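Some notes on the structure that comes next.
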2 protein chains.
Amino acid sequence: MKSDTVFKRAFNDALDVVAALGVGESLPSESVMSARLGVSRTTVRKVLARLAAGGIVAGSGRHKVVRAVPDVPRFPKAETVPMAAQVEARFMEWMLRDDARPGTVINELELARQFGVATTGIREFLNRFQRFGLIEKRPNAGWVFKGFTPAFALELFEIREMFELRSARTFAAAPGGSPFWSQLEAMRTEHVALLAEVDRRYHDFSDLDSRFHRLINSAAPNRFIDSFYDIITLIFHYHYQWNKRDERQRNETAIREHLTYIDALLGRNASIVELACRAHLASARETLIRSTQEGAEGRPPRGRGRAGSA
Amino acid sequence: MKSDTVFKRAFNDALDVVAALGVGESLPSESVMSARLGVSRTTVRKVLARLAAGGIVAGSGRHKVVRAVPDVPRFPKAETVPMAAQVEARFMEWMLRDDARPGTVINELELARQFGVATTGIREFLNRFQRFGLIEKRPNAGWVFKGFTPAFALELFEIREMFELRSARTFAAAPGGSPFWSQLEAMRTEHVALLAEVDRRYHDFSDLDSRFHRLINSAAPNRFIDSFYDIITLIFHYHYQWNKRDERQRNETAIREHLTYIDALLGRNASIVELACRAHLASARETLIRSTQEGAEGRPPRGRGRAGSA
DNA sequence: TGGTCTTTTTTAATCGATAAAAAACAGTTT
DNA sequence: AAACTGTTTTTTATCGATTAAAAAAGACCA
């Protein structure tokens with residue numbers, strides 16, 4: 001049976017919309033709600049029906065009004081994320097946090113049981129995840145985890161450097177009136193703000209980092225580069241989440257490097273841009289490599305393990 | 001039920017092995033056969049059992065001999081290709097040959113019926129095929145075909161040029177004693193041989209092309225580049241198969257470009273290598289772009305179609 | 001030790017069911 | 001007629017169970 005995470009998330013969001021309107025106000029039309037919540041009208045109607053049942057809205061047809069400030073319980077957050085996202089998170093956790101060592105054979109059935117989903121879900125995830133270069137399929141013999149190793153980090157950054165330099169050059173050559181410049185200025189402001197509060201907000205950097213690099217790329221869109229950035233984003237997202245060593249310091253350094261990089265772009269000097277870009281990537285690469293090594297050291301040497309055997 | 005294409009192919013291959021041995025000879029051990037046929041011992045035993053039933057081999061245990069020259073019918077070729085490969089071929093055909101236009105919505109159920117496979121097979125293929133940048137998933141709303149367009153060709157070749165130049169440089173810098181040089185020489189010989197018989201054998205170029213570029217890449221392996229070459233190989237494989245315009249001429253040109261490129265590499269002059277490499281890629285890009293345009297022109301303008309509606 | 005016979009695991013593929021969500025269609029109201 | 005809502009049809013997502021094929025592991029033997 002299909003999960004109703006879409007409905008649940010839409011319901012939670014709808015509570016916010018209703019609360020923002022206030023008692024007595026009339027609700028926007030179903031199609032407007034549909035656009036606002038990012039779901040189909042069918043789902044909007046289901047949400048509306050539930051709200052009516054809870055006494056939060058009243059009326060029917062085109063005359064619906066807010067009856068009461070919502071005080072019904074929201075759906076727990078875990079129920080609002082789609083199955084595929086959960087599988088992804090659990091897998092990344094298994095890979096980056098637990099002792100997943102190179103050569104480990106991935107057993108679909110075992111993972112399915114462990115994650116509490118059907119094998120089809122696992123298969124689908126593995127098929128999509130294949131392109132990230134961390135697992136490999138051997139026909140008729142399942143999947144092998146290739147390892148989150150220094151080699152992986154090196155290969156990743158070799159490509160990343162090629163792509164980023166190419167995009168940075170194009171970006172720096174954008175015409176003066178281009179909207180990119182104002183977006184970059186806004187990005188700069190965000191960086192400065194984050195730096196000022198880095199002690200408290202350093203967790204927010206992962207997201208800013210991803211948005212920044214995607215902005216650079218958007219100067220000359222290329223679907224293959226975009227798709228490659230999905231890998232970077234995913235790896236860094238989970239890596240930032242779990243590698244706690246020197247976390248604040250690492251992020252502060254990266255923010256400063258970004259600022260240098262941004263200023264170089266704003267200065268539009270190709271060679272300075274290249275320097276700043278290379279410097280940042282080199283430092284990011286070091287961080288990632290170190291973390292792949294740490295992971296390997298911390299674990300006792302063992303034979304070829306099996307997924308989920310620990 | 002799982003298809004037994006592996007068994008059928010192994011059986012056909014085994015007939016060759018047995019025929020090569022001749023009547024009266026004793027068979028190699030099961031593990032040797034397993035390695036020779038590229039399947040597990042379990043499957044070898046099944047093949048052996050079938051051969052015994054057909055009176056082709058006799059004996060048991062470690063004493064098995066060829067009884068008769070095989071004259072049993074082979075399994076038809078269509079039954080020896082796995083389902084996934086069939087889906088791929090049919091989909092590529094639909095995309096490149098039929099009227100698949102940008103924006104077409106892909107309907108899983110319809111494709112499944114059309115191809116005669118279960119929806120799960122289609123889903124799995126689409127998930128894997130996603131990374132090729134030709135289709136896109138919209139959550140809860142299926143897949144959209146983005147189109148085999150000039151933009152696709154341009155983006156593809158932008159990346160290809162970056163990767164190929166990088167690999168060619170590394171290759172040219174390989175030490176004198178490296179095995180790459182002899183492999184390249186062998187490759188050169190193959191090219192010369194193909195050129196001599198180009199009128200008859202121009203179909204063989206597609207495969208040679210793929211092997212040549214992969215050899216260049218192998219000088220400095222990078223999993224992301226390898227994976228990108230899967231895209232190139234797939235596109236070109238089917239493209240060569242179906243775009244018949246000027247086929248012989250196109251291939252002859254490409255072979256000559258390859259030879260120039262190979263000689264440049266053998267000469268180890270970085271700037272000449274770069275020139276030859278760029279020239280070849282530019283010409284390959286033109287061919288692909290032209291073919292994406294032709295496709296579009298040949299079709300009558302229509303609204304947003306649906307997969308399989310024609 | 002290198003082989004074969006036997007058993008256990010795991011994958012590949014299908015089928016059917018069901019609820020969710022989207023999309024299309026058909027009316028209504030202003 | 002444009003903007004809605006009510007209703008119906010399609011399509012997707014997910015599960016679970018099933019089956020045969022293949023692979024892998026284990027037991028045994030010359």
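All figures in this text were calculated on a predicted structure; none of them were measured in a lab.
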Does the pair B:Asp16/B:Arg74 count as a salt bridge with the N-to-O cut at 4.0 Å? yes

How are the rings of A:Phe7 and A:Phe11 set to each other: parallel, tilted or perpendicular (split at 30° and 60°)? tilted

With a 4.0 Å cut-off on heavy atoms, is A:Ser29 in touch with a base, just the backbone sugar-phosphate, or nothing at all? sugar-phosphate

Just compare D:dA23, D:dA3, C:dA21 and give me whichever is closest to any side-chain atom of B:Val39. D:dA23

Which part of the nucleic acid does B:Gly121 contact within heavy-atom distance under 4.0 Å: base, sugar-phosphate only, or nothing? nothing

Figure out the CG/P separation between A:Leu109 and D:dA24, and round it to whole Å. 17 Å

Measure up the A:Phe148 and A:His239 rings against each other and bin them: parallel (under 30°), tilted (30 to 60°), perpendicular (over 60°). tilted

So which nucleotide from D:dA13, C:dT14, D:dA22 ends up closest to the side chain of B:Thr43? D:dA22

Nearest to side-chain heavy atoms of A:Arg45, which nucleotide of C:dT4, D:dG6, D:dA13: D:dG6

Kindly give the heavy-atom pair with the smallest separation between B:Glu108 and B:Leu126, and that separation in Å. CG-CD1, 4.2 Å

Check the distance between C:dA12's P and A:Trp143's CH2 and give it to me in whole angstrom. 8 Å

Examine C:dT10: is either OP1 or OP2 under 4.0 Å from a nitrogen or oxygen in the side chain of A:Asn107? Give yes or no. yes

Considering heavy-atom distances to DNA chain C, does A:Gly38 or A:Gly142 have its closest nucleotide positioned more toward the 5' end? A:Gly142

B:Ile122 CD1 - C:dT14 P separation (whole Å): 10 Å

Earlier contact from the 5' end, DNA chain D, for B:Phe7 and A:Val32: A:Val32

Check the angle between the aromatic planes of A:Phe132 and A:Phe129 and answer parallel, tilted or perpendicular using the 30° and 60° thresholds. parallel

By nearest atom, which of the nucleotides D:dG16, C:dT29, C:dT4 is closest to the A:Arg62 side chain? C:dT29

Looking only at the side chain of B:Val6 (C-beta and beyond, no hydrogens), which of the listed nucleotides D:dA22, C:dA21, C:dC15 gets closest? D:dA22

For atom CZ of A:Arg9 and atom C1' of C:dA21, their distance in whole Å: 12 Å

Examine the base of D:dA24 for any acceptor or donor lying under 3.5 Å from a partner atom in the side chain of B:Thr42, and report the outcome as yes or no. yes

Mapping A:Glu124 and B:Arg113 onto DNA chain D by nearest heavy atom, which one lands closer to the 5' end? B:Arg113

Remember a base hit wins even if backbone is also touched, and classify A:Lys64 as base, sugar-phosphate or nothing at under 4.0 Å, heavy atoms. sugar-phosphate

Checking all strands, does B:Thr119 fall into the base, sugar-phosphate, or nothing category for heavy-atom contacts under 4.0 angstrom? nothing

Grab the CZ-C1' distance between B:Arg123 and D:dC15 for me, whole Å please. 12 Å

Quick check: closest heavy atoms across B:Pro28 and B:Met33, and the distance to 0.1 Å? CG-SD, 3.7 Å

Measuring from the side chain of B:Lys137 (C-beta onward, heavy atoms only), which nucleotide among C:dT4, D:dA13, D:dT5 has the closest atom? D:dA13

Without decimals, in angstroms, what is the distance between B:Leu126 CG and D:dA13 C1'? 14 Å

Can you measure A:Glu30 atom CD to D:dA2 atom C1' for me and round it to whole angstrom units? 16 Å

Any donor-acceptor pair under 3.5 Å between the side chain of A:Arg41 and the base of D:dG6? yes

B:Asp230 bridged to B:Arg214 by N-O distance under 4.0 Å: yes

Less than 4.0 angstrom between a side-chain N/O of A:Ser40 and OP1 or OP2 of C:dA22, yes or no? yes

Closest to the A:Lys46 side chain: C:dA20, D:dG16, D:dT12? C:dA20

Ranking D:dA22, C:dT14, D:dC15 by distance to the side chain of A:Met83, first place goes to D:dC15

What integer distance in Å separates A:Lys2:NZ from D:dA13:C1'? 5 Å

